[in-house]
Asker: 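This is the structure I have questions about; it appears just below.
Just so we're on the same page: letters track the sequence lines, and every chain starts at 1. On a predicted model such as this, the values are computed, not experimentally measured, just so you know.
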2 protein chains.
Amino acid sequence: MTLHTSQTIIRKSLHHELVDRLQTLIINSELKPGGRVPEKELCDQFGVSRTPLREALKVLASDGLVRLEPNRGAWVTQVTEEEVEEVFPVLGALEALSGELACKHITDAEIEEVRALHADMIESYERRDLDAYFSINQKIHRAILTAARNGTLATSCQALSLRMQRARYLANMTDGRWFDAVQEHEKILQYLVARDGKQLAITLLKHMEAKRASVIKWLQSQ
Amino acid sequence: MTLHTSQTIIRKSLHHELVDRLQTLIINSELKPGGRVPEKELCDQFGVSRTPLREALKVLASDGLVRLEPNRGAWVTQVTEEEVEEVFPVLGALEALSGELACKHITDAEIEEVRALHADMIESYERRDLDAYFSINQKIHRAILTAARNGTLATSCQALSLRMQRARYLANMTDGRWFDAVQEHEKILQYLVARDGKQLAITLLKHMEAKRASVIKWLQSQ
DNA sequence: CAGCGTAATTTTGAATTCATAATTATGTCA
DNA sequence: TGACATAATTATGAATTCAAAATTACGCTG
């Protein structure tokens with residue numbers, strides 16, 4: 001049984017629902033990086049007691065989204081330069097693997113899906129619609145992960161992606177970087193269509209490295 | 001109630017300590033794969049209430065070591081063929097990366113440490129002391145991870161390793177496989193000493209692939 | 001008024017309680 | 001006896017309670 005399956009089964013429990021909700025709050029910066037997690041407030045807001053909320057916080061802490069300080073509660077973690085330098089290489093290795101596996105398993109229908117997403121993404125780029133661009137971008141990466149047919153890989157990738165999605169760093173691209181990213185995605189599609197796993201892996205790795213550099217640059221400009 | 005002083009938990013964050021303890025119980029098969037997690041018994045054994053124990057179970061569930069069934073409690077997950085086929089490729093990619101990074105950062109002193117561990121491991125092999133062999137084997141892999149200077153990578157690797165360490169599958173090697181594994185480790189040491197990241201990565205990847213095949217073979221023989 | 005020490009309040013960590021779901025035990029009837 | 005329905009028991013999920021720690025408020029001294 002895969003991890004994904006087991007998570008689907010337990011979806012109904014309160015604490016799991018809270019994990020999802022808190023993740024969303026953190027990614028949308030409704031809970032500010034570096035800020036306190038207001039336990040009581042959130043309990044009131046969600047209409048639950050502290051027990052399931054605190055269970056959810058323990059899970060989020062093990063995923064690195066919050067930090068638990070003994071007797072001082074939970075704090076939203078901040079994206080630091082050191083963390084970015086750590087996470088992107090790992091994410092690169094995992095995305096590279098996902099590219100290789102995807103080329104082995106992807107169906108023609110799935111390739112068409114990615115092609116359609118890619119076209120939409122290009123259109124968003126031409127409209128300079130950053131929100132739409134990023135939303136579709138994520139869908140493409142997720143589609144490749146799905147095609148890789150490896151739930152463990154998908155879970156690991158998404159956990160690390162989440163950590164990088166805190167705050168809006170990734171959305172802050174210069175015009176030049178945005179253009180380059182689109183070019184990289186052209187190659188990604190091309191190698192996926194050709195089912196060239198080796199080249200796709202290399203391209204995804206470079207893509208992640210470029211993203212790392214871009215995020216670091218942004219962090220240093222702050 | 002009897003106080004089990006030596007086992008009673010004294011550290012500050014109770015749930016964290018419990019995560020560790022439960023992991024150990026699961027890895028040592030003191031909690032049997034596929035079996036129920038006896039909440040009340042464990043509470044008595046550890047001298048804690050259900051609240052922190054249940055918090056720990058939520059974390060273990062998100063790591064894939066237990067499965068939570070609504071209204072039916074926690075169950076120790078079993079290592080399945082499917083899971084092995086998922087986890088080892090991911091672990092391979094991560095270990096390969098750790099090898100590459102380790103070659104970049106490892107100090108001479110650290111190399112000497114690994115060399116000493118390697119010698120001990122060979123000695124254990126010659127004595128056919130499987131327990132000692134595996135213990136040292138893990139120390140070597142951990143030393144390489146440490147040398148990689150990437151905490152995120154280390155955490156990810158260790159989480160996946162844990163999932164494969166449930167039950168004693170890995171310890172069930174044929175004589176032939178054991179010999180091959182030792183040969184692979186000779187190459188690992190050699191490339192590490194030479195600080196040849198590329199070759200070390202390739203070797204570690206192959207090492208993981210061989211381990212995967214060995215575990216699958218064992219699972220199928222059951 | 002600033003700085004410091006102490007009391008009041010709030011927050012946290014963990015035990016306890018309580019309603020409900022699941023499991024087991026008991027009793028009935030063919 | 002064995003299948004089934006129902007009662008008793010147990011376990012679970014979540015709210016509540018409680019002691020201890022941390023934070024804030026207050027008042028005193030200089």
Asker: With a non-hydrogen cut-off below 4.0 angstrom, is A:E39 in contact with a base, only sugar-phosphate, or nothing?
Answerer: sugar-phosphate
Asker: With no angle test and no hydrogens, is the base of C:dA15 tied to the side chain of B:T51 by a donor-acceptor pair under 3.5 Å?
Answerer: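 Result: at least one qualifying N/O pair found.
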Asker: Pick base, sugar-phosphate or nothing for A:E69, based on heavy-atom distances below 4.0 Å to the nucleic acid.
Answerer: sugar-phosphate
Asker: Describe, in one word, how the ring planes of B:W178 and B:Y133 are oriented to each other, choosing from parallel (under 30°), tilted (30 to 60°) and perpendicular (over 60°).
Answerer: perpendicular
Asker: Can you tell which of C:dA15, D:dA11, C:dT11 lies closest to the side chain of B:R36?
Answerer: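 Nearest to the side-chain atoms of B:R36, counting from C-beta on, is D:dA11.
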Asker: Would you say A:R54 reaches C:dT12's phosphate, i.e. side-chain N/O to OP1/OP2 under 4.0 Å?
Answerer: no
Asker: Measure CG/A:L57 against P/C:dT11 and give the value in whole Å, please.
Answerer: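 So the two atoms are 15 Å apart, to the nearest Å.
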Asker: Could you check whether A:K104 pairs with A:E100 (Lys NZ or Arg NE/NH1/NH2 to Asp/Glu carboxylate O, under 4.0 Å)?
Answerer: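 Judged by the 4.0 Å cut-off on N to carboxylate O distance, A:K104 and A:E100 do not form a salt bridge.
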Asker: Starting at the 5' end of DNA chain D and moving along, which residue's nearest nucleotide shows up first, A:W75 or A:P52?
Answerer: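 Per heavy-atom nearest nucleotide, the more 5' residue is A:P52.
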Asker: Using whole Å, report how far CZ of B:F46 lies from P of C:dA14.
Answerer: 15 Å
Asker: Figure out the CG/P separation between B:L53 and C:dT16, and round it to whole Å.
Answerer: 14 Å
Asker: Rounded to whole angstrom units, what separation is found between the CG atom of A:N71 and the P atom of C:dT9?
Answerer: 21 Å
Asker: Can a donor-acceptor pair under 3.5 Å be found between the side-chain atoms of B:R72 and the base atoms of D:dG13?
Answerer: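 In this structure, the two groups form no donor-acceptor pair.
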Asker: Can you check the B:K40 NZ to C:dT17 P distance for me, whole Å?
Answerer: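 Atom-to-atom, B:K40 to C:dT17, this comes out as 12 Å.
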Asker: Are more than 12 heavy atoms from other residues, nucleotides or ligands located less than 6.0 Å from atom CZ of A:R212?
Answerer: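 Counting neighbours around CZ of A:R212, more than 12 heavy atoms of other residues, nucleotides or ligands fall under 6.0 Å, so yes.
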Asker: So, are A:R177 and A:E184 salt-bridged, with charged N and O less than 4.0 Å apart?
Answerer: yes
Asker: A:R50 has a side chain; which of C:dG13, C:dA15, D:dT12 sits nearest to it?
Answerer: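 For the A:R50 side chain, the nearest candidate turns out to be C:dG13.
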Asker: For atom CD of B:E30, decide whether the heavy atoms of other residues, nucleotides or ligands shown that lie under 6.0 angstrom number more than 12.
Answerer: yes
Asker: Measure CD/B:E17 against P/C:dG13 and give the value in whole Å, please.
Answerer: 16 Å
Asker: What nucleotide, of C:dG13, C:dA15, D:dT16, holds the atom closest to the side chain of A:S49?
Answerer: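 The nucleotide sitting nearest to the side chain is D:dT16.
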Asker: Nearest whole angstrom, please: distance from the P of D:dT12 to the CG of A:L14.
Answerer: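 Rounded to the whole Å, the gap is 17 Å.
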Asker: Given atom CG of B:L68 and atom C1' of D:dA14, what is their separation to the nearest angstrom?
Answerer: 15 Å
